[in-house]
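The block underneath contains the structure these notes are about, expressed in structure tokens.
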Amino acid sequence: MTVLSNKLGIDLDDQVPGAPATLVEPAAGPRSVGASVRAYVALTKPRVIELLLITTIPVMFLAAGGVPPLGTVLLTLAFGTMSAGAANAINCYIDRDIDAKMRRTRRRPLARELVLPGRALVFGITLATLSTIGFALSVNVLAAAMSLFAILFYIFVYSLLLKRRTSQNVVWGGIAGCMPVLIGWTAITGGIAWTPFVLFGVVFLWTPPHTWTLAMRYREDYAVANVPMLPVVATEHRVIVESLVYTYATVACSLLLWPVAGMGPVYGAVAVVLGAVFLAEGHRLLKAVRAGQTGVHLRPMRFFHLSNVYLALLFTAVAVDPILH
């Protein structure tokens, strides 16, 4: 399990939208054990990991056709959390230079010099090793391989190759954030099927509009750090149009699960209603930008927060449907 596109290292822990920027001085002097522990925990980006549980647990219910074995769920979540934490910690090490420049990220441990860079890297590698071994020994080898793939993809493909080079960074980098779906399914079945790939597609298509609307709010941050997020290199109109295209694709893919997985009426009804609301918000953004609104007046964070709700409720329906159907 690794990071989703909000889930691509893009979290809201550090700054409340609209709040004045606050300069954070590096910590000085000795720190307590508790403070050190909190700093290392912060490296794992816990709030990003929380989002991963939204996709992992429901897929396990779907794979089991009901309530999955509790032991398997707990082990998958434990080692999945370690896997995601490993990727996030190593990402913090890689991005420590740009994190210090960005208002949204400058409270992270390495930006504040709460953890030495080398120790953060060792911490991340250790978590990656333990999570992979744990998956292999207590869940299954295929789940372990997928978890390791997600970590390596997030680090080498997204963080090192794509993030600072292309505006399509979160599109292809989002593959790492889709892996919890496959890991959850594999943990229960020991194999793979079309159903989890449809849900993989939902998360993959959901990631760009979710991330781009957040990046619209923090456009100046990314510009200062020289990260070519789409809102930095394109007009607001183009960003919103492309986001709406991906939103339509997300909703279409969510409806595809209905026949592919033989879902019942609960999932179908929820997917249709959520999709309609999601698309309506996308069209609100498009109407606003065409009316000449710009910047914060577009309220892109409204779409961003709704996208979180959309994904959470859709995957809740994924979990509930097999129990009722």
Side-chain angles (χ1 to χ4, degrees), residues 1-9 11 37 40-60 63-64 68-95 109-110 115 117-163 172-193 196-197 199-200 203-204:
M1 182 193 308
T2 191
V3 188
L4 204 72
S5 157
N6 171 1
K7 345 12 68 312
L8 286 165
D11 61 85
V37 170
Y40 277 96
V41 170
L43 284 174
T44 67
K45 305 179 188 175
R47 292 185 64 183
V48 176
I49 294 174
E50 289 173 10
L51 207 65
L52 300 176
L53 305 184
I54 292 173
T55 60
T56 305
I57 298 175
V59 171
M60 299 180 81
L70 179 60
T72 303
V73 172
L74 293 178
L75 288 168
T76 300
L77 294 182
F79 293 117
T81 297
M82 292 175 64
S83 174
N88 288 333
I90 296 173
N91 172 261
C92 283
Y93 170 81
I94 295 169
D95 284 351
L110 289 179
V115 178
R119 292 182 180 180
L121 180 60
V122 170
F123 176 64
I125 293 173
T126 301
L127 284 180
T129 303
L130 293 176
S131 66
T132 304
I133 294 173
F135 264 124
L137 295 179
S138 65
V139 182
N140 58 60
V141 174
L142 184 56
M146 289 185 173
S147 173
L148 181 59
F149 170 83
I151 295 171
L152 296 177
F153 190 95
Y154 184 67
I155 294 168
F156 291 101
V157 178
Y158 173 69
S159 298
L160 291 174
L161 179 63
L162 297 176
K163 184 172 182 177
W172 301 109
I175 289 174
C178 304
M179 292 305 296
V181 172
L182 301 184
I183 294 170
W185 181 275
T186 301
I188 297 297
T189 66
I192 205 66
F197 276 108
L199 289 170
F200 180 102
V203 180
F204 177 79

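Side chains are part of it too, since the values below use all heavy atoms of this structure and drop only hydrogens, waters and symmetry mates.
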Evaluate the side-chain proximity of [Y] to [X]: yes if any heavy-atom separation is below 4.5 Å, no if none is.
X	Y	value
L148	F135	no
F79	I133	no
I192	T186	yes
F156	L161	no

Report the distance from atom [atom1] of [X] to atom [atom2] of [Y], rounding to the nearest 0.5 Å.
X	Y	atom1	atom2	answer
I90	L127	CD1	CG	8.5 Å
N140	T189	CG	OG1	8.0 Å
F153	W172	CZ	CH2	9.0 Å
S83	L130	OG	CG	11.5 Å
L182	M179	CG	CE	5.0 Å
K163	D95	NZ	CG	3.5 Å

Would you confirm whether [X], through its side chain, and [Y], through its main-chain N or O, come within 3.5 Å as a donor-acceptor pair?
X	Y	value
S147	A143	no
T126	V122	yes
N91	S159	no

Problem - Neighbour count >12 (heavy atoms, 6.0 Å) for atom OH, Y40 - result: yes
Exercise for the section: Assign the ring pair F197 / F200 to parallel, tilted or perpendicular, where the plane angle (0 to 90°) is split at 30° and 60°. Expected result: tilted
Handout entry: Exercise: identify the closest heavy-atom pair between T81 and L77
Key = OG1-O, 2.7 Å
Fill in the blank from the handout: In terms of heavy-atom contacts, P180 and T55 come closest through CB-OG1, 3.7 Å
